[in-house]
Amino acid sequence: MATVPKSTVRLPMSRKIGGTWGPPRVLSEQTHSKNEPGRFGVYGGRYVPETLMAALDELEREYLKAKQDPKFRKRLDELLRTYAGRPTPLFFARRLTEKLGGPKIYLKREDLLHTGAHKINNCLGQALLVERMGKHRVIAETGAGQHGVATATVCALMGFECVVYMGTEDMRRQELNVFRMRLLGAEVRGVDSGSRTLKDAINEAMRDWVTNVRTTHYLLGSVLGAHPYPTMVRDFHRVIGREARAQVLKAEGKLPTAVIACVGGGSNAIGAFYEFIKDKRVKLVGVEAGGRGESLGDHAARFRGGKPGVLQGTYSYVLQDAGGQIALTHSVSAGLDYPSIGPEHAGLRDAGRAEYVPASDKEALEATILLARTEGIIPALESAHAVAEVIKRAPKMKKSDVVIVNISGRGDKDIGILRENLDIE
Amino acid sequence: MPLMFYKKPALVVYVTCGDPDLATTREIVLAAIEAGADVIELGVPFSDPVADGPVIQRASERALRHGTSLPHVLTLAAEIRQQAQSTGLIVFSYLNPILQMGVGKFCKVARHAGVDGALVTDLPVEEAGEYLREMRTHDLSPIFLAAPTSPDERLKRIAGASRGFVYAISRTGITGARQQLAEDTQKLVRRLRRVTKLPIAVGFGISSAQQFAEVGSFADAVVVGSAIVETIERNRGREAAAVGEFVRKLTLASVN
């Protein structure tokens, strides 16, 4: 190789190359009004390759039309009731409450839904949109496999071709769900790049979508990505909080002190929170994956180690290095193992309306055992993070307080990981 | 402003900076210029390149493994500028590295380095307000992508916001060599001609002299990216020479 003389160039950038550049300027602050659709404070927006812009416009138009269409609403409600199993119960966890000696704890049982998690709410909604748009091929990404299973399920129900992208690390962690998707007729494509988890599956799904955008709908599984996804997916999950609010009022005659939910992308949390946002006295608590430590790469707590940036179509908090390269993440639960967070959560956090705390892998595993043995409910490892937070918080609360914990999914899919990590034989 | 196409069709060459290392990238770029490239796109490697195919993904991973960053790319641009005064230099990046540096600071440093323009893959015109202001302030040319899926009213906005040239994507999809170029391409160029007088460069999927000549018959410039990056990947130790040969072969048929 030719020897290259040492650079004689001096640029007015910084003393050290690749060093810290200080806090990023918010790109959108001066560009966008805060009430613009798809913006949550300064977060959200639409940062995608040009090829996708027309498809996002079409999707937004179709969604807004469907939202106003009583027939669409009626059909979705009927499917949620007769196919998915809504409404889900709000269950008073008597033994857990006694054990923790604090507030009355209610569990919102999204784990009882068809396919085992809240994900089906959004999948049914988007599937009806796909039908309206006349597309016949559906792609999706999945982390824990719950969204992949829910997508494969609705595609079977509607007769759509279905391709699910999944990181090979997640395929290993969630092999039961991989089989389940294949059983349902979906093609599962392993993604071997990056950390081989959810983020990389989304990259690959976006590449597929860019290529096949004319025939294909991207059934994004969380409140992430470019507008209209964060708003649309949230709307399909609002039913969680709407039911829970009515149920707790009926059971207790008052609103809860707090609503707690785990946050990966944040779809179950925003669904659980949304109807309570206007109830200013109800604390909204999102629980992120604290993983195995506080160093970058050991967790997925975006509000602890991240800063605003753009990843996969949206402006939100992102775990990244000083140069803007996206960091690797770790969590025992594949569904929380993602370096960014839904932009509406970033907006709620900056506005002080919701707080976000981490729970470690170990705390989530302990919470799983406790809930299994006090209530006979094995939560998904994702949901176990929310349980871990109520375990920490309950002793500091009053007995007259009421807490709702969203059990977003069931733990069947995690049996393999639980066996690896717990000493129970 | 050297952001000019001196011949028709002009050749725009993309390289992922830092693959295999920055010193070699400089050699590669100088070899490409020597062989006839009119404009160079200096690709900033990104961890999550959603618009790129496997070839550029692999190049980005290699470049990131030894820490190539946007400041490195800008320094490289300045070094190239010292040796090539009439070649157009464009920074080709995803948004987040620019955002973390600060849009204003990026533009200031890029201008100082002798860069002529920038193309940000995941920044559509709607979100580009502050970016466009800063680009204008520093007299840099923003270049936007136009896709076959972009309706006419979007093409108008894209052309209106672009300076220097408009980059037409030859077909829906990610970067990477293709056997056949869609008819889409020619249709898109025709639609663009109706809304702009700017030169039009066509890219995505062009890898052979035949394709170069074919696209060059209706576009002002042809962008070659993945085929260059693949040449670099396949010719360890003699990257610059190999790219020079490739570029010469590519343009040979069209020399007139």
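Proteins come first, then strands; the chains are lettered A, B, ... in the order of their sequence lines, and each starts at number 1. Since the structure is predicted, the reported quantities are computational estimates derived from the model, not experimental observations. Just so it is clear, the values below take in all heavy atoms, side chains as well, and ignore hydrogens, waters and symmetry mates.
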Item to complete: Begin with the C-alpha distance, continue with both residues' side-chain angles, and end with the deciding distance and a verdict on side-chain contact (heavy atoms from CB on, under 4.5 Å) for B/Ser47 and A/Gln320.
Response: CA-CA 10 Å; B/Ser47 53; A/Gln320 56 186 314; over 6 Å; no
Worksheet entry | Spacing of CZ belonging to B/Phe204 relative to OG1 belonging to A/Thr51, to within rounding of 0.5 Å | 6.5 Å
Worksheet entry | Options A/Leu52, A/Asp200, A/Val210, ranked by heavy-atom pairs under 4.5 Å with chain B, top entry | A/Val210
Practice prompt. Would you name the heavy atoms of B/Phe46 and A/Gly324 that are closest together and state the gap between them?
Written response: CE1-O, 3.3 Å
Discussion item. Quick check on the interface: out of A/Gln312, A/Lys199, A/Glu204, who has the most heavy-atom pairs with chain B under 4.5 Å?
Written reply: A/Lys199
Discussion item. Is any side-chain heavy atom of B/Gln57 closer than 4.5 Å to one of A/Ser193?
Written reply: yes
Item to complete: For each of B/Pro151, B/Ser150, B/Pro124, tally heavy-atom pairs with chain A at distances under 4.5 Å, and name the one with the top tally.
Response: B/Pro124
Response to the item:
Checked B/Pro49, B/Pro45, B/Gly67 vs chain A; the most non-hydrogen pairs under 4.5 Å come from B/Pro49
Worksheet item: Within residues 142-149 of chain B, which positions have a heavy-atom distance to chain A below 4.5 Å?
Response: B/Leu145, B/Ala146, B/Ala147, B/Pro148, B/Thr149
Worksheet item: More than 12 non-hydrogen atoms from neighbouring residues, nucleotides or ligands closer than 6.0 Å to CZ on B/Arg236, yes or no?
Response: yes
Worksheet item: Quick one: does A/Asn203's side chain have a donor or acceptor within less than 3.5 Å of a partner on B/Val50's backbone?
Response: no
Worksheet item: Which atom pair, heavy atoms only, marks the closest approach of A/Gly323 to B/Gln100?
Response: C-CB, 4.4 Å
Worksheet entry | Options A/Leu311, A/Val48, A/Asp208, ranked by heavy-atom pairs under 4.5 Å with chain B, top entry | A/Val48
Worksheet item: Would the number of heavy atoms belonging to other residues, nucleotides or ligands and lying under 6.0 Å from CD of A/Glu187 be above 12?
Response: yes
Worksheet item: Do any N or O atoms from the side chain of B/Asn96 and from the backbone of A/Gly309 form a donor-acceptor pair under 3.5 angstrom?
Response: no
Worksheet item: Going through the checks in order, is the salt bridge (Lys or Arg N to Asp or Glu O under 4.0 Å) test met by A/Arg39 and B/Glu127?
Response: CA-CA 12 Å; A/Arg39 286 278 160 189; B/Glu127 306 285 3; 2.6 Å; yes
Worksheet item: Which heavy atom in B/Pro97 sits nearest to a heavy atom in A/Gln325, and how many Å separate them?
Response: CG-NE2, 4.4 Å
Item to complete: Mind checking the CG-OH spacing from B/Leu95 to A/Tyr47? Nearest 0.5 Å is all I need.
Response: 7.0 Å
Fill in: Selection from B/Leu22, B/Val120, B/Thr121, B/Ile98 maximising heavy-atom pairs under 4.5 Å formed with chain A
B/Thr121
Worksheet item: Backbone N or O of B/Asp52 within a donor-acceptor pair of the A/Arg207 side chain at under 3.5 Å?
Response: yes
Worksheet item: Which is it for B/Leu99 and A/Tyr315 under the side-chain contact (heavy atoms from CB on, under 4.5 Å) test, yes or no, and what are the steps along the way?
Response: CA-CA 10 Å; B/Leu99 212 50; A/Tyr315 182 70; 3.7 Å; yes
Practice prompt. Name all pairs fulfilling the salt bridge (charged side-chain N to carboxylate O under 4.0 Å, His left out) condition that reach into residues 43-54 of chain A, sequence neighbours left out, sorted by first residue then second.
Written response: A/Arg46-A/Asp57, A/Arg46-A/Glu60, A/Glu50-B/Arg154
